[in-house]
Amino acid sequence: WSSDVCSSDLASRFRYAGALLDVPQPPFNTWIRLYTESRPFFYLLPASVGSEGMMWVRLRQDHWDHTSCGFVVLMTRFMGVGVWGLAAAFALAHSAGAALILKDAPRLLASPWSWALGGLLVVGGALLAPMLMQRMKKLKLAPDQGLPFLGLLAMSVASVFVNAGAVWWASHTAHAPIPFVLAVGLLAFFNFAMILPISFGGFGLQEGLVLALGLGIGLPAPALLAFSAVVHLQRLALSVPGMGLFLMGKEG
């Protein structure tokens with residue numbers, strides 16, 4: 001269930017980013033298919049950007065030009081980075097447990113104000129990006145961009161709650177319960193770490209972050225590793241059918 005909700009939520013972000021452009025839009029079920037097809041590449045290519053790259057390829061095959069494909073992918077990515085930056089600030093400000101992950105980091109990195117400022121700057125940059133792309137790349141923008149941009153922002157915020165809720169539920173399933181705000185912090189730091197090409201699907205990286213957080217609040221290591229396995233299974237629940245769709249081809 002959580003995988004289905006996450007796929008609809010994230011596909012909606014791509015859909016709203018696409019609606020900023022004055023080009024023919026695929027129907028929503030096509031966005032769902034495109035996003036699902038991209039999910040296996042989260043595990044097959046280093047860093048989470050592999051799935052966005054495949055989304056770019058599939059949009060290009062649907063006869064969008066490279067500038068439009070890149071705009072949709074980058075707008076979705078930047079908005080996600082900005083909102084998750086604000087989520088990290090929230091977790092650091094409201095729970096001492098979330099700070100355990102960054103206990104050895106420089107003070108600036110462990111400060112909620114740094115994450116809040118960074119998140120606001122990225123969201124503001126995303127707001128200006130369509131106008132800059134229109135001037136620099138002659139991008140054709142939709143006459144009314146207000147509603148699509150608000151939709152992209154709203155679905156990015158919803159993504160925080162949906163994904164954190166899934167992780168919170170997984171922690172209780174694995175008998176390693178963590179508070180909801182800690183789930184937000186864990187996911188925020190994990191998402192930022194996943195931008196770096198140092199893991200495939202977060203294997204190993206996720207376990208390190210989970211143990212850093214969970215052991216600090218007194219949870220046993222076996223339960224924490226079981227929790228991490230459940231979270232991986234939630235992602236694989238989309239990746240397996242996604243690979244089937246990819247192998248069937250875009251007409252499948």
* Asked: Quick one: do L147 and L152 end up in the same hydrophobic cluster if we chain Ile, Leu, Val, Met, Phe, Trp and Tyr together by side-chain heavy atoms under 4.5 Å apart?
  -> no

* For atom NE2 of H172, is the number of surrounding heavy atoms from other residues, nucleotides or ligands below 6.0 Å larger than 12? -> yes

* To do: Report yes if the side chains of H232 and E207 come closer than 4.5 Å at any heavy-atom pair, otherwise no.
  => yes

* To do: Check whether L225 and I217 end up in the same hydrophobic cluster, where Ile, Leu, Val, Met, Phe, Trp and Tyr are linked by side-chain heavy atoms less than 4.5 Å apart.
  => yes

* To do: Find out if a path of hydrophobic residues (ILVMFWY) with successive side-chain heavy-atom gaps under 4.5 Å connects L127 to L121.
  => no

* Is there a side-chain contact between S68 and D65 (heavy atoms, below 4.5 Å)? -> yes

* Asked: Taking Q61 for the side chain and R58 for the main chain, is one N or O donor matched with an acceptor at less than 3.5 Å?
  -> no

* Y16 atom OH, neighbour heavy-atom count above 12 within 6.0 Å -> no

* Where do M79 and A126 come nearest, in terms of heavy atoms and distance? -> CE-CB, 4.1 Å

* Quick one: are L153 and V83 in side-chain contact, heavy atoms under 4.5 Å? -> yes

* Under 3.5 Å: donor-acceptor pair, side chain of T76, backbone of V72 -> yes

* Heavy-atom closest pair, residues H94 and V181 -> CB-CG2, 4.3 Å

* Asked: For L86, what are the other residues in its hydrophobic cluster, where any two members join if their side-chain heavy atoms are less than 4.5 angstrom apart?
  -> L120

* What is the minimum heavy-atom distance between V184 and W84, and which atoms define it? -> O-CZ3, 3.8 Å

* Evaluation steps, side chain to side chain contact (heavy atoms under 4.5 Å, CB included), between L209 and Q206 -> CA-CA 5 Å; L209 291 174; Q206 176 175 288; 5.9 Å; no

* Does Q25 use its side chain to pair, donor to acceptor, with the backbone of V23 at less than 3.5 Å? -> yes

* To the nearest 0.5 angstrom, please state how far the NZ atom of K140 sits from the OG1 atom of T67. => 11.5 Å

* Asked: Do R60 and H66 have side chains that get closer than 4.5 Å, going by heavy atoms?
  -> yes

* Start with the C-alpha gap between F71 and M75, add the side-chain angles, then the distance that decides, and say whether side chain to side chain contact (heavy atoms under 4.5 Å, CB included) holds. => CA-CA 6 Å; F71 174 81; M75 276 294 291; 3.5 Å; yes

* Gap between atom CZ of F14 and atom CG of L59 - 0.5 Å precision -> 8.0 Å

* To do: Identify whether V160 and F192 are in the same connected component of the hydrophobic contact network (ILVMFWY, side-chain heavy atoms under 4.5 Å).
  => yes

* Structure fact -> All heavy atoms of A116 vs all of A89, minimum pair found to be N-CB, 3.5 Å

* **Residues W115, F189; criterion ring-ring contact (aromatic ring centres under 6.0 Å, His included); working and verdict** => CA-CA 11 Å; W115 290 93; F189 303 138; 5.7 Å; yes

* Structure fact -> G18 and W64 have their tightest heavy-atom pair at CA-CH2, 4.2 Å

* **Any V167 side-chain heavy atom under 4.5 Å of F227 side chain** => yes

* Asked: So does L108 have more than 12 non-hydrogen atoms from other groups sitting under 6.0 Å from CG?
  -> no

* To do: Calculate, to the nearest 0.5 Å, the distance between atoms CG and OG belonging to L92 and S111 respectively.
  => 8.0 Å

* **Derivation and outcome, side chain to side chain contact (heavy atoms under 4.5 Å, CB included), residues V122 and V81** => CA-CA 7 Å; V122 174; V81 166; 4.3 Å; yes

* Calculate, to the nearest 0.5 Å, the distance between atoms CG and CZ belonging to L205 and F190 respectively. => 6.0 Å

* Between the main-chain N or O of W31 and the side-chain N or O of N29, is there a donor-acceptor pair closer than 3.5 Å? -> no

* Of the non-hydrogen atoms in L224 and L215, which two are nearest, and what is the gap between them? -> CD1-N, 3.6 Å

* Asked: What is the distance from atom OG1 of T36 to atom CE of M243, rounded to the nearest 0.5 Å?
  -> 12.5 Å

* To do: First locate atom CG of L20, then atom CD of Q134, and finally report the distance between them rounded to the nearest 0.5 Å.
  => 11.5 Å

* **Linked, directly or transitively: L109 and M194 (ILVMFWY side chains, under 4.5 Å)** => yes

* Asked: When you look at CZ of F180, are more than 12 heavy atoms from neighbouring residues, nucleotides or ligands closer to it than 6.0 Å?
  -> yes

* Hey, is the main chain of V73 close enough, under 3.5 Å, to the side chain of W56 for a donor-acceptor pair? -> no

* CA sep, side-chain torsions, deciding dist, call: S38, E52, side chain to side chain contact (heavy atoms under 4.5 Å, CB included) -> CA-CA 7 Å; S38 75; E52 276 88 350; over 6 Å; no

* Indicate yes or no for a side-chain donor-acceptor contact from S159 to the backbone of M155 under 3.5 Å, with no hydrogens or angles considered. => no

